[in-house]
Asker: 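Please read through the structure below; I'll follow up with questions.
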Amino acid sequence: MSKLLEIKNLTIDFLGESGVTRAVDGISLQLDRGETLGIVGESGSGKSVTALSVMRLLPTPPAHVSGGEILYYQNETAVDLLQLPDPAMQRIRGADIAMIFQEPMTSLNPVFRCGHQVTEALQLHRKMDYAAAKNATLQLFERVKLPDPARIFNAYPHQISGGQKQRVMIAMAMSCNPQILIADEPTTALDVTVQKAILDLMRELREESGLSMLFISHDLGVISEICDRVAVMFRGKIVEEGPARQILHDPQHPYTRGLVACRPSLHRRLQRMPTVPDFLENKDFQAKVVTGSETAARQSALYAHAPLLQVKNLEVRYPKKKNWLGQPVEWLHAVDDVSFDVFPGETFGLAGESGCGKTTLGRAIARLSDAYSGEVIYKGADLQDLTPEDFQPFRREIQVVFQDPYASLNPRMNIGDAIMEPMQVHHLYENDRIRRQKTIELLETVGLQADHFQRYPHEFSGGQRQRICVARALALQPRLLICDEMVSALDVSVQATVLNLLMELREKFGLTYLFISHDLSVIKQMCDRVLIMNQGRVEEVGFPDVVYEKPEKEYVRRLIEAIPGVNGDADFSD
């Protein structure tokens, strides 16, 4: 195969108030025609910066390309993209080299309809008139398997799901038949069935058009499904490179071994999730597996007690259609006749695809959404019958950690005050001096430092912000913690540290978790039992070992098979 893109000794610096930070440190890569090259690494390793430099989309300043070349071979003639004039680069960007960005909601313009955003690229690069561009866009929407292309053409981004937005982004990227597609975390935070559909679609497009791809991800399961070769980045450098099978099944560098081990498995539960530092400090590190006798002893101790939480025939529904008087005539059943018990000290998992009702169920239990009917009995009291005043004491005991830690924190409030605020609202402790001391203790409990008290949310990484949200939830000394997709968008290594933290806190404070996730591997690691939902109803409930090995329902089997890296030789996690 002939090379299509070549990166030579690329070095990128960021200039800041504290000096120069080297984001990419002299890396060299080659992408051949028809090949998919995966770039893996944690957040901050330089993956996305490298991709943006190929597209010439780095913000300059503060970014500065200090050295190197990015050669694009047009008809075997090398062109250095870094040296091209802006008009020439604009002709290549989008037409010859296209990019799918990590977050489709922020990549699509919220004030323009989805169809307009694709027709704009066709009119610019392929010089089509509007009618031809619209027809081509509708064909593209059909090609990426969007339901009802005409409706989505006229829809705004907020009116379609996350998976549909990602398909619109793929359609936009493919609109001008590029030779190179750069996919930057295209499946992050999508549920497994949508993720599988996106990966299948990208494979089909590659086979149909001979596309070459630069595929960026922190998820080695996804990388194993789609990539021919893999380059592993760590602190701006390539630490290991080779065929995907070799890198994933026989990693040589301690950092790569750590990334592989951080990924939860469907086939075993560990006493503590390994992290990248474990392997950097000890190349022969071995994680300890939870034995069957240990699991049986834990189950015997848990289920000897009365339930802490009982959900009985709970129903949450919303008006779907109203008559001319404004009265509902058709309902959307978000949660439909769901019942289960949660025991003290248990981690109970809620799993399923996006839109299955698991988050709505969690919010209804915490009285953040209104239930239509049913009972939520906590410590013998039906929470649905309580007035807001009577529910106030229970608000302390039932806390929620949400999916997006940045949106959960007030950007104008330092994190110390954010953690102290619920203590003040509930009149916990005598004065702010004691509350401040308790806040510092909580920060240290979740692995942060006392001097972080005065910092603001934007000064922390995603994993650190999630730790802050956990500290804030713990400020009121809760008994039940509802964790809503709290690790879904985190790197596997950061995810492992947060999961370890949750397990430690469960033992230290005697917490009970309602753990909501679309990731069945994470559910396996964390949860004693799992309830799998589909379209608001219960599909299956039981111990993860039993449910995963012998699923009774076809829906559950499809969920398990959709997990990247599960089938055949790709399951390298053990």
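As a basis for the values below, the full set of heavy atoms in this structure was taken, side chains included, without hydrogen atoms, waters or symmetry mates. Being a predicted model, the structure only gives us computed values, none of them experimental.
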Asker: Tell me which pairs pass side-chain hydrogen bond (donor to acceptor under 3.5 Å, both in side chains) where either residue lies in residues 502-511, with sequence neighbours left out.
Answerer: Thr347-Arg506
Asker: Can you see which heavy atom on Gln384 is nearest to which on Gly374, and at what distance?
Answerer: CG-O, 4.0 Å
Asker: Any donor and acceptor pair, going by atom type alone, linking the side chain of Arg367 with main-chain N or O of Leu386 inside 3.5 Å?
Answerer: yes
Asker: For Arg317, which residues count as a side-chain hydrogen bond (donor to acceptor under 3.5 Å, both in side chains) partner, sequence neighbours excluded?
Answerer: Tyr372
Asker: Under the ring pair (Phe, Tyr, Trp, His ring centres under 6.0 Å) rule, collect the residues that match up with Phe348, sequence neighbours excluded.
Answerer: Phe340
Asker: Where do Glu421 and Met413 come nearest, in terms of heavy atoms and distance?
Answerer: OE2-CE, 4.0 Å
Asker: Work out which heavy atom in Val168 is nearest to a heavy atom in Cys114; give both atom names and the distance.
Answerer: CG1-CB, 4.2 Å
Asker: Cut-off 3.5 Å, no hydrogens considered: what does the side-chain donor-acceptor table look like for residues 438-448, sequence neighbours left out?
Answerer:
{"residue": "Thr439", "atom": "OG1", "partner": "Arg435", "partner atom": "O", "Å": "2.9"}
{"residue": "Thr445", "atom": "OG1", "partner": "Glu441", "partner atom": "O", "Å": "2.7"}

Asker: Verify, without hydrogens or angle tests, whether Lys47 (side chain) and Met233 (backbone) share a donor-acceptor contact under 3.5 angstrom.
Answerer: no
Asker: Answer yes if the side chains of Thr497 and Asn500 hold a donor-acceptor pair under 3.5 Å, and no otherwise.
Answerer: no
Asker: With Ser45, which residues qualify under side-chain hydrogen bond (donor to acceptor under 3.5 Å, both in side chains), at least two apart?
Answerer: none
Asker: For Phe515 versus Cys527, what's the shortest heavy-atom pair and its separation?
Answerer: CB-SG, 3.9 Å
Asker: According to side-chain hydrogen bond (donor to acceptor under 3.5 Å, both in side chains), who are the partners of Tyr318, at least two apart in sequence or on a separate chain?
Answerer: none
Asker: Any non-hydrogen side-chain atom of His218 less than 4.5 Å from a side-chain atom of Glu42?
Answerer: no
Asker: Using the test ring pair (Phe, Tyr, Trp, His ring centres under 6.0 Å), find all partners of Phe112 that sit at least two apart in sequence or belong to another chain.
Answerer: His116
Asker: Can any side-chain N or O of Arg257 pair as donor or acceptor with the backbone N or O of Val276 at less than 3.5 Å?
Answerer: no
Asker: Please report, to 0.1 Å, the donor-acceptor pairs under 3.5 Å made by any side chain of residues 471-483, with sequence neighbours excluded.
Answerer:
{"residue": "Arg472", "atom": "NH1", "partner": "Ser408", "partner atom": "O", "Å": "3.1"}
{"residue": "Arg472", "atom": "NH2", "partner": "Ser408", "partner atom": "O", "Å": "3.1"}
{"residue": "Gln477", "atom": "NE2", "partner": "Tyr429", "partner atom": "OH", "Å": "2.8"}

Asker: Which residues satisfy the side-chain hydrogen bond (donor to acceptor under 3.5 Å, both in side chains) test with Asp385, sequence neighbours excluded?
Answerer: none
Asker: Donor-acceptor pair, distance only, cut-off 3.5 Å: does the side chain of Gln466 make one with the backbone of Met486?
Answerer: yes
Asker: If the condition is salt bridge (charged side-chain N to carboxylate O under 4.0 Å, His left out), which residues does Arg151 pass it with, not counting sequence neighbours?
Answerer: Asp148
Asker: May I ask you to decide if His518's main-chain N or O and Glu485's side chain share a donor-acceptor pair within less than 3.5 Å?
Answerer: yes
Asker: Kindly write out the residues that satisfy ring pair (Phe, Tyr, Trp, His ring centres under 6.0 Å) with Phe285, not counting sequence neighbours, or none if the list is empty.
Answerer: Phe279
Asker: Quick one: ring-ring contact (aromatic ring centres under 6.0 Å, His included) pairs with a partner in residues 449-483, sequence neighbours left out?
Answerer: His452-Phe460
Asker: When you measure from the side chain of Lys165 to the backbone N and O of Ile160, does any donor-acceptor pair fall under 3.5 Å?
Answerer: yes
Asker: Take atom CG in Asp337; do more than 12 heavy atoms of anything else shown fall under 6.0 Å from it?
Answerer: yes
Asker: Do the side chains of Arg298 and Asp528 get close enough for a salt bridge, i.e. N-O under 4.0 angstrom?
Answerer: yes
Asker: Between Thr512 (side chain) and Gly345 (backbone), is there a donor-acceptor pair under 3.5 Å?
Answerer: yes
